[in-house]
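Quick notes on the structure that follows.
Everything quoted here is computed from the prediction, not taken from an experiment. Remember, it's 1-based here, ligands and their atoms both numbered in the order they're listed.
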Amino acid sequence: MCGIVGIVSESKDCLKKLQEGLCALEYRGYDSAGITFFVNNKFKTIKNVGSPKELFDGLDLKVKSNVGIAHTRWATHGKPDKVNAHPHLSEKGLFSVVHNGIIENYRELKDSLLSGVNFKSQTDSEVISNLLEYFYSGDVLSAIKNVTKVLDGCYALAIMCKDDKDKIYFARKNMSLLIGINNNERYLSSDLSAFSKECDTYLTLPNNSYGFIQKNKEEIFNFNNEKVCVKVENIENKAFLTKQGKFNYFMEKEIYEIKAVLQDTILCFKENKFNFKDKEFFQNIKYIKIIACGTSYHASLVGEKLFDSLGIMSNAEIASEFIYRKPYLPENTLAIFVSQSGETADTLAAIKVAKSLGAKTLGITNVKNSAVDRECDESIYLHAGVEKAVASTKAYNAQVLTFYLLKNILQKPQNKEAEFIDVLEQNIKKLNIKTMHKNILPVVALVKNSKNIFVVGRNFDYITSLEASLKIKEITYLNCEGFAAGELKHGTLALIETNSVVIAYITEKNLIDKTLNIVAQAKSRGAKIVIISQFNLKKLVAVSDYFIKLANFSEQFMPIVSIIPIQLLAYETSLALKHNPDKPRNLAKSVTVE
Ligand code: G6P
């Protein structure tokens with residue numbers, strides 16, 4: 001969703017750096033972008049609908065400036081247009097503000113403290129610059145302090161004040177904000193990817209804090225106005241700076257990285273298990289609740305089945321459902337929160353609820369120091385590297401594998417670990433993404449021209465079907481539903497007609513005939529059939545219009561990789577339909593508002 005980058009630098013090339021930073025944040029999703037920078041001691045603010053790249057296309061990057069803030073907007077309050085794009089200037093032009101998050105009481109503030117202000121935009125964010133102006137009497141920090149007292153909601157803010165030409169101020173509450181540190185240069189950003197490659201260290205601003213950055217220092221205060229020291233950390237993994245390389249899109253690159261990601265995940269597990277602070281963390285766990293959104297939720301469903309198979313009662317739930325009911329978590333519950341970004345608002349809200357019910361909390365996330373990582377008692381990192389394409393791919397495979405590793409730890413008596421890891425490694429070795437890619441190409445035309453696509457499977461294949469249908473919807477915009485194969489006959493079969501496409505997953509030997517029955521029923525009503533299976537059996541090939549052979553992965557581990565053909569099929573179909581698979585319409589990579 002929205003992205004923030006701010007720079008205070010000794011060198012006067014801040015426009016170029018803001019451009020690089022903002023473009024690096026594109027992957028979070030955007031519909032407009034904007035920038036304010038100091039030039040000749042004055043604010044210059046430019047906004048544009050469309051990508052950050054388009055914003056900077058019209059700018060002379062050689063203009064000398066050493067302080068600036070920039071923003072990619074994902075519209076929540078007010079349509080995506082130039083006026084609603086950030087930064088928002090205060091009425092008299094004293095403050096310029098970019099904001100991530102939502103101000104819940106913005107209407108009340110407009111009617112009370114700000115009743116005399118002539119607002120230009122429909123956004124909630126515009127109240128912030130005007131509140132700063134309202135409270136300002138020469139001291140920006142005390143104005144910010146007062147603003148934080150009246151704002152309800154969540155925010156990460158980067159603020160410029162006309163009277164202060166060498167600082168960017170900030171405030172954060174329940175939204176991430178980081179400071180990147182370089183010689184005579186400080187960055188402010190919603191994530192690491194916006195920092196220049198010269199930044200070797202950074203710090204994560206604590207929740208409920210405010211302060212400022214200058215080129216060679218930062219000052220941070222908590223909401224009780226006490227100065228706080230925050231640990232500076234090394235940026236260990238500069239993989240976030242990776243480029244697309246030989247690949248046409250990040251999504252393609254990320255699918256091709258799956259094999260390495262799975263290998264890395266196992267390697268890290270072998271080295272340090274999960275390296276928890278509390279060595280007794282898993283003791284006395286009686287019930288496991290897994291909570292997540294989107295693709296991470298689908299991975300959680302795999303976790304649910306794996307833990308259940310151990311005799312530990314387990315259940316996966318969508319975060320936005322969990323938080324709006326009265327959930328019951330029995331004593332000795334372990335609540336697991338799965339999130340690629342670690343910043344998803346609904347998942348974060350669910351952590352609070354689970355904690356208030358006394359559960360132990362474990363985060364599974366791809367981003368160290370993300371909000372999920374910080375909020376949970378313990379964390380497991382995914383080692384998937386930065387995922388830039390909006391549709392999640394390699395993180396899903398890593399999440400599913402992580403559940404297998406976790407299952408092995410919880411198993412009593414424990415599986416022979418070395419043996420288990422060895423079998424996994426041998427299986428992963430067999431993965432050949434290039435061959436899978438070639439195999440799905442003949443199916444693209446069929447899917448591209450279809451109005452109704454169904455993906456079906458039983459047991460673990462049902463979960464893969466849910467994730468498969470999400471991938472197809474996300475980046476092709478075609479109507480596609482995932483179903484439990486046995487459920488199709490209870491209503492949805494009525495939708496099957498000539499030219500419907502039914503994609504059936506058949507990766508469990510004992511369920512082959514059961515799923516084939518359903519496939520036969522769909523076929524006899526005119527559906528085109530695609531079967532995805534590792535079993536090269538005559539009866540499967542005979543019933544299918546297209547048969548996609550999966551690698552001979554052992555059946556028990558198939559859910560880790562069976563999604564790959566559909567990740568590739570969705571990608572190729574998206575291209576065939578002339579969409580941009582990395583940036584699907586209406587969708588954002590990390591959904592930081594409810
Ligand atoms: C967004 C993304 C999805 C992702 C979901 C959960 O909707 O577009 O790809 O699965 O958020 O994100 P998380 O970072 O919590 O896994």
Side-chain angles (χ1 to χ4, degrees), residues 1-3 25-31 74 76 175-176 190-193 240 249-251 254-255 261 290-303 316-323 335-351 361-376 379-400 402-403 463 466-477 482 563 566-567 570-571 574 579-594:
M1 301 203 104
C2 302
L25 292 177
E26 261 191 28
Y27 78 98
R28 293 166 68 99
Y30 62 84
D31 42 50
W74 174 262
T76 54
M175 298 297 287
S176 283
S190 17
D191 73 56
L192 282 172
S193 54
F240 59 83
Y249 287 91
F250 278 107
M251 182 171 180
E254 286 158 11
I255 298 172
V261 165
I290 317 170
I291 299 170
C293 305
T295 290
S296 298
Y297 166 67
H298 293 150
S300 305
L301 290 170
V302 176
E317 188 169 352
I318 293 167
S320 56
E321 288 295 308
F322 177 76
I323 55 182
I336 303 181
F337 300 87
V338 188
S339 175
Q340 187 285 126
S341 63
E343 301 291 345
T344 302
D346 290 327
T347 308
L348 291 174
I351 297 177
T361 53
L362 168 66
I364 298 183
T365 178
N366 201 23
V367 184
K368 208 173 171 187
N369 259 328
S370 58
V372 166
D373 182 18
R374 291 193 307 269
E375 297 299 323
C376 287
S379 292
I380 294 176
Y381 305 114
L382 289 172
H383 308 287
V386 167
E387 201 181 57
K388 287 213 157 190
V390 167
S392 184
T393 53
K394 59 178 179 171
Y396 175 79
N397 305 81
Q399 287 164 347
V400 175
T402 300
F403 276 118
I463 301 169
L466 293 175
E467 174 58 11
S469 88
L470 181 65
K471 270 322 91 167
I472 292 174
K473 278 186 280 210
E474 277 178 306
I475 59 169
T476 70
Y477 319 148
I563 188 63
I566 297 285
Q567 291 170 334
Y571 170 75
S574 171
H579 304 317
N580 178 342
D582 281 351
K583 293 172 193 151
R585 70 183 182 203
N586 307 340
L587 299 179
K589 181 74 186 158
S590 50
V591 182
T592 49
V593 293
E594 276 179 25

All heavy atoms of V261 vs all of A398, minimum pair found to be CG1-CB, 3.8 Å
Worksheet item: Do any N or O atoms from the side chain of T344 and from the backbone of D346 form a donor-acceptor pair under 3.5 angstrom?
Response: no
Expected contact list for ligand 1 at under 4.0 angstrom, heavy-atom basis, is C293, G294, T295, S296, S339, Q340, S341, T344, V390, S392, E474, A588, K589, V591
Tested for side chain to side chain contact (heavy atoms under 4.5 Å, CB included) against S296, the lone hit among N366, T347, I291, V338 is V338
- Please check if the side chain of Q567 supplies one atom and the backbone of K471 the other of a donor-acceptor pair under 3.5 Å. no
The side chain to side chain contact (heavy atoms under 4.5 Å, CB included) partners of S379 (sequence neighbours excluded) come to D373, Y381
- Message: Can a donor-acceptor pair be found, under 3.5 Å and without considering hydrogens, that links the side chain of Y477 to the backbone of R585?
- Response: yes
